[in-house]
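Inspection log for the structure reproduced underneath, given as structure tokens.
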There are 2 protein chains.
Amino acid sequence: MNHNFPKLVRPPAYRVVSEEIRQAILSGELQAGELLPTEIELAEQFGVTRSTLREAIRILEDSGIIGRADRKRLIVTLPKTSTVGRSVSSAMVMHRVTFKELWQVAMGLEPLAGKLACESATEEEKEQLAKNLQHTANVLDDHKQLLDAEIEFHNLVAAAAHNHALLQARAPLNDLFYPAWGAVIRALSPGQRILVAHQHVFDAICNNQPQDAEKWMEKHMLDFRRGIEMGNLGFDQPVTTAANNPL
Amino acid sequence: MNHNFPKLVRPPAYRVVSEEIRQAILSGELQAGELLPTEIELAEQFGVTRSTLREAIRILEDSGIIGRADRKRLIVTLPKTSTVGRSVSSAMVMHRVTFKELWQVAMGLEPLAGKLACESATEEEKEQLAKNLQHTANVLDDHKQLLDAEIEFHNLVAAAAHNHALLQARAPLNDLFYPAWGAVIRALSPGQRILVAHQHVFDAICNNQPQDAEKWMEKHMLDFRRGIEMGNLGFDQPVTTAANNPL
DNA sequence: GATTGACATATTGTCCGACAATAAGTCAAT
DNA sequence: ATTGACTTATTGTCGGACAATATGTCAATC
């Protein structure tokens with residue numbers, strides 16, 4: 001054997017079709033917001049049956065790049081980070097990613113978000129943060145509400161960074177990691193330390209002091225780690241999916 | 001209107017089925033490596049037609065949590081980071097993520113990878129890195145091969161960090177970002193500076209000096225930024241997908 | 001003994017046609 | 001302005017059919 005042929009790939013039709021449509025979208029040929037032709041028309045264009053075409057559509061629909069205009073007609077869509085994040089989260093759960101691993105990533109991303117937010121946050125975003133802080137102060141004793149406020153704070157900071165790649169990379173944290181704040185909050189109760197850290201991050205953002213934002217976000221995450229270790233969640237335990245069926 | 005009913009969600013059958021299977025997998029009820037029943041059997045179990053069931057399967061197949069045992073039978077699979085990364089990359093392209101945004105994320109993740117690799121790298125991984133360095137030195141003038149070696153180096157370091165969450169977060173960098181090294185390499189040619197940076201990161205990993213690894217990875221990424229700005233790629237241009245059809 | 005060929009079998013890929021379910025529009029009646 | 005009845009377009013689901021492909025078996029061949 002002096003010559004090796006490359007192994008032949010013969011993807012099924014539904015895969016070819018879905019890839020074709022995906023490329024059309026990624027290349028800009030199809031813009032977000034455009035209505036797609038009906039299933040029958042599309043099937044005719046590709047020369048396949050509706051069944052085959054539908055299988056192709058499912059693939060794209062799940063990855064979020066096409067959705068529904070009105071629960072019927074298909075439309076090219078800008079994927080939401082949460083949609084894309086879901087498949088990433090699934091993968092992480094299957095790979096038995098631990099809290100520790102996620103925390104390490106969070107230690108890389110959250111301080112970064114704080115830093116970038118200093119440069120990019122708009123007045124409106126600062127207001128939202130301010131509102132969040134005030135709300136947090138009011139619900140310090142209500143674990144459930146405090147958890148929601150806590151998660152929202154991190155999302156607001158990340159959004160203020162105006163970096164979609166960062167948002168996307170952060171998505172699994174929302175699904176898998178921050179829900180654990182529930183246990184952390186109970187362990188560190190009352191939430192005084194949480195509020196103080198948030199306050200400092202907020203001030204840093206308002207005064208455009210990136211290093212401070214970074215530093216305080218880091219401290220905040222260190223608290224988080226301590227909380228997990230104190231709670232009944234093992235730091236080296238794999239994360240789980242909290243029965244997430246938001247379809 | 002004193003009472004608001006929650007809007008009714010009535011997901012189609014194919015979605016319910018796919019979600020059902022996904023949960024069975026995530027809950028561990030179905031382990032990776034297990035063969036799934038045939039389509040006919042599955043359809044009978046759920047009480048739907050094969051067509052409907054197949055649409056459900058497509059969704060899961062695309063997200064990589066089920067695959068093929070032998071191009072026919074379906075099997076529960078550990079999703080590869082590249083598979084999951086592809087949908088993330090698509091989303092980023094559609095959101096017109098710029099080189100700058102990706103670079104900012106890379107500045108958060110790559111030094112982190114270097115740092116973690118110091119603690120976690122096995123002897124075998126160090127050997128692979130050494131081999132990569134030597135190869136790099138040999139192809140400093142061959143742009144194409146140098147690019148491959150460069151990308152491999154970063155992947156090896158990331159793998160040596162032994163953090164799957166990090167690998168997953170990094171996945172889009174491989175698809176969208178590092179291909180741009182092509183232009184960078186031409187701009188910075190010859191690749192002497194690249195090799196020096198790699199060398200220092202490698203030394204730091206071998207001598208278990210996390211700060212050094214972090215620092216040199218950071219310098220390396222700063223070079224990258226300079227290269228992009230010098231090349232004909234705009235730093236504020238949206239990244240594109242390099243006609244990636246690895247099906 | 002290893003390779004080839006012929007055959008049966010199981011499973012997925014694709015097609016076709018049909019009908020039910022749902023969303024949107026029109027128009028008249030109240 | 002709201003309701004109700006009707007029409008129409010489109011997706012959701014069904015059932016059955018056959019082609020294409022991988023597996024296994026067994027005999028024939030060298």
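Everything numeric here is computed off the predicted structure, so don't read it as measured data. Residue numbers start from 1 in every chain, and the chains themselves are labelled A, B, ... in the order their sequence lines are given, proteins ahead of strands.
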Task: Proximity to the side chain of R54(A) - top-ranked nucleotide from dC15(C), dG12(D), dA20(D) - done: dG12(D)
Task: Position toward the 5' end of DNA chain C (nearest nucleotide), R50(A) or Y14(A) - done: Y14(A)
Open item on the list: If you only use heavy atoms from C-beta on, which nucleotide in dC16(C), dG15(D), dT12(C) is closest to the side chain of S51(A)?
Closed with: dC16(C)
Task: Nearest-angstrom distance from the residue atom CD of E39(B) to C1' of dG16(D) - done: 15 Å
TODO: Check for a donor-acceptor pair, side chain of T77(B) on one end and backbone N or O of I75(B) on the other, with a separation under 3.5 Å.
DONE: yes
TODO: State yes or no: are the ring centers of F177(B) and F224(B) separated by less than 6.0 Å?
DONE: yes
TODO: Figure out the CG/C1' separation between L60(A) and dT11(D), and round it to whole Å.
DONE: 17 Å
Open item on the list: Without decimals, in angstroms, what is the distance between L35(A) CG and dT11(D) C1'?
Closed with: 14 Å
Open item on the list: Tell me whether R68(B) at atom CZ has more than 12 heavy atoms from other residues, nucleotides or ligands lying less than 6.0 Å away.
Closed with: yes
- [ ] Whole angstrom is fine here: how far is it from CZ in R73(B) over to C1' in dA10(C)?
- [x] 9 Å
Task: Closest listed nucleotide, where the reference is the side chain of V48(B) and the choices are dC14(D), dT11(D), dT13(D) - done: dC14(D)
Open item on the list: Among dG12(D), dT11(D), dA10(C), which nucleotide has an atom closest to any side-chain atom of R58(A)?
Closed with: dG12(D)
- [ ] Kindly indicate, with the supporting measurements, whether the criterion salt bridge (charged side-chain N to carboxylate O under 4.0 Å, His left out) is fulfilled by E34(B) and R73(B).
- [x] CA-CA 11 Å; E34(B) 274 187 63; R73(B) 290 300 298 276; over 6 Å; no
Open item on the list: Can you identify which nucleotide, out of dC15(C), dG12(D), dT12(C), has its nearest atom closest to the T52(A) side chain?
Closed with: dC15(C)
TODO: Figure out the CG/P separation between L53(B) and dG16(D), and round it to whole Å.
DONE: 17 Å
TODO: Can you figure out which of dT13(D), dT11(D), dC15(C) approaches the side chain of R68(A) most closely?
DONE: dT11(D)
Task: Closest nucleotide among dT12(C), dG12(D), dC14(D) to the T49(B) side chain - done: dC14(D)
